[in-house]
Amino acid sequence: MENLSFELKARQAAGGAKHEALVGVVASGNLEVLVERVLPELECRIDIATAAHGFGEVWSAVVRDFVERYSPGGLRLSINDGGARPDTVALRLAQGVRTIEEVES
Amino acid sequence: MRRWNAEREALAQRIAAGSAFARGKIVAAADAGALIEAVIRPFDRVCLEGDNQKQADLLARALAGVDPAKIHDLHMVQSGVVLPEHLDVFETGVAKKLDYAYSGPQAGRIAKMLFGGKIELGAVHTYLELFARYFIDLTPNVALIAAVSADRDGNLYTGPNTEDTPTVVEATAFKSGVVVAQVNEVVEKLPRVDIPGDRVHFVVEAKKPFYVEPLFTRDPGAITETQILTAMLAIKGIYEPYGVKRLNHGIGFNTAAIELLLPTFAERLGLKGKICTRFALNPHPTLIPAIESGWVEQIHCFGSEVGMDDYIEARPDIFFTGPDGSLRSNRAFCQTAGLYACDMFIGATLQIDLSGNSSTITASRIAGFGGAPNMGSDARGRRHPAEPWLKAGREADPDGLPALRRGRKLVVQIGETFGEGNAPTFVESLDALILAEKLGLELAPVMIYADDITHIVTEEGIANLLLCRDKDEREQAVRGVAGYTEVGRGRDAKMVQRLRERGIIKRPEDLGINVLDVDRSLLAARSIKDLARWSGGLYRPPSKFRNW
């Protein structure tokens with residue numbers, strides 16, 4: 001298991017008011033993302049526990065693009081990764097932030 | 001004095017030699033090897049019918065078993081290298097040279113044998129190209145073909161998998177070649193005549209069905225969310241704006257996902273009747289929900305698909321069927337249809353380079369092309385207009401005089417940025433170039449040339465190469481959808497942003513696609529069992545796809 005952490009500045013706070021969201025599943029080639037609204041408005045922290053070693057550079061690129069594209073200010077995202085490909089990671093991160101931004105009905 | 005009938009005389013001798021093993025035209029399965037030794041001569045060009053799906057398996061085994069002292073140095077001219085026996089003949093020296101189109105199931109072994117010098121390679125063709133050469137410079141001396149049944153006169157019924165047979169027989173029989181057919185059974189009266197008996201010299205009764213490869217069955221259960229995302233992008237970003245009605249789909253999971261999104265996602269977009277009404281396509285089981293929901297008006301098929309026969313027979317308004325009710329497929333005609341009468345080809349690939357050249361050749365696998373280079377190319381002889389073709393032409397050449405401006409076929413490559421075993425789909429340089437150098441080929445086996453491809457779809461977005469105005473823009477458009485591959489990470493982010501502002505690159509959010517909708521619940525069928533249910537029990541999946 002390899003652990004990685006990224007702390008990044010976001011352009012703006014994530015929308016919505018939900019405190020927590022969970023997307024994905026822990027399975028081979030997949031990942032689970034827990035999203036919590038616990039940080040100051042323009043900060044974002046991403047903690048990764050991954051089964052695959054040696055992909056720090058790709059994770060860094062995926063995470064930086066994600067923060068640039070979705071501006072998840074105020075969110076901490078905890079990733080439990082079962083060796084997912086970058087495309088799946090990017091999709092799950094996007095789904096995580098969209099889910100916490102959804103207006104509860 | 002020149003003789004003008006040497007071929008006819010040789011044919012008469014071959015038939016006389018073969019007749020020693022026949023009663024009339026009928027030969028027992030046990031005598032197949034002896035028959036082949038009698039009618040084939042060393043250095044002959046031989047078509048051993050190996051199609052995309054149907055295989056003359058009994059005749060393949062018989063040919064692999066002949067005495068290489070008698071029969072050797074054959075030049076095999078067949079579209080599919082599918083069975084182990086298709087390559088065994090090169091190990092024993094029975095055959096020496098090969099011209100072919102597709103070798104999916106033997107991709108690993110054929111690569112080893114080519115590198116090992118066991119096979120002298122003529123060329124890897126597209127189907128239509130190989131068929132064309134049957135009539136010019138690769139005409140078979142002997143054709144070993146497969147059919148479902150024959151009568152005593154040699155008339156053949158091919159059943160739903162007619163595929164290449166009429167083309168092979170036409171080229172062989174009318175140029176004084178010998179035609180040997182294996183059939184499951186000899187009957188009094190055929191359900192229909194697909195090949196007239198005067199073109200068939202010998203019939204070998206195999207007493208069991210020929211092998212058919214279930215090549216077009218994709219289990220919806222294996223479709224990933226990333227593939228669903230690429231399918232949504234294609235529908236919203238290409239099918240809808242161009243209004244693509246006439247098309248061909250490849251066999252991958254991305255296009256299977258598109259088929260399964262028609263009755264759900266595309267229906268909600270109000271696209272029924274506006275896209276995907278007419279196909280040049282094998283009967284893909286994943287198209288059943290769209291057909292049943294009234295999306296599809298007509299399908300012409302290259303071949304059939306295992307388990308689909310009863311379903312096809314019950315839907316003659318959609319498929320081409322004979323008076324007996326069963327499917328009539330024909331690869332040569334369907335490839336022609338895909339080339340001239342379709343406005344789009346969309347399929348997957350293994351490697352795409354920085355200009356957009358794509359290839360399914362990797363360092364250890366040579367899968368050939370099948371029909372993709374034909375359907376995935378712009379038909380320069382096309383003259384009839386259609387809106388998708390005209391629109392693509394306008395995008396490529398906005399300043400051209402409309403009445404003199406060619407349209408463009410939409411040629412779309414769709415896939416995830418990483419493929420099997422995390423191999424990147426995007427590469428600086430194709431493995432096909434390494435292969436060409438190692439084998440001393442004049443041409444690298446490129447499946448789709450950069451100047452034919454119009455769009456690339458990945459989970460990251462769509463690149464419209466028609467709108468690129470120079471080499472740099474094109475390279476950045478490719479890099480801009482290449483995700484986290486090295487090619488993708490090597491992009492010029494500012495230039496990619498400018499391409500996005502000009503609509504050359506489109507992201508999911510640019511097309512209004514909500515990532516929360518990217519879910520397997522969007523598929524009209526989520527399992528093979530669902531497909532069988534949609535068909536009202538008419539689709540009977542082969543056992544390897546059944547888990548209930």
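Below, chain A is the first sequence line, B the second, and so on; all start at residue 1.
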* To do: Return yes if some donor-acceptor pair links the side-chain N/O of Glu416(B) with the main-chain N/O of Thr88(A) below 3.5 Å, else return no.
  => no
To the nearest 0.5 angstrom, please state how far the [atom1] atom of [X] sits from the [atom2] atom of [Y].
X	Y	atom1	atom2	result
Thr224(B)	Asp87(A)	OG1	CG	7.5 Å
Glu101(A)	Leu516(B)	CD	CG	9.5 Å
Glu225(B)	Gln95(A)	CD	CD	5.5 Å

If you draw a 6.0 Å radius around [atom1] in [X], do more than 12 non-hydrogen atoms from other residues or ligands fall strictly inside?
X	atom1	value
Gln497(B)	CD	yes
Phe55(A)	CZ	no
Glu20(A)	CD	yes
Glu501(B)	CD	yes

* **Any side-chain heavy-atom pair of Asn422(B) and Arg85(A) under 4.5 Å** => yes
* With a 4.5 Å heavy-atom cut-off, do Leu91(A) and Glu459(B) have their side chains touching? -> no
* Asked: If you look at every heavy atom in Tyr484(B) and Val58(A), which pair is closest and at what distance?
  -> CB-CG1, 4.0 Å
* Go through the atoms of Tyr70(A) and report whether side chain, backbone, both or neither lie under 4.5 Å from a heavy atom of chain B. => side chain
* Asked: Quick one: do Glu460(B) and Arg69(A) make a salt bridge, cutoff under 4.0 Å?
  -> yes
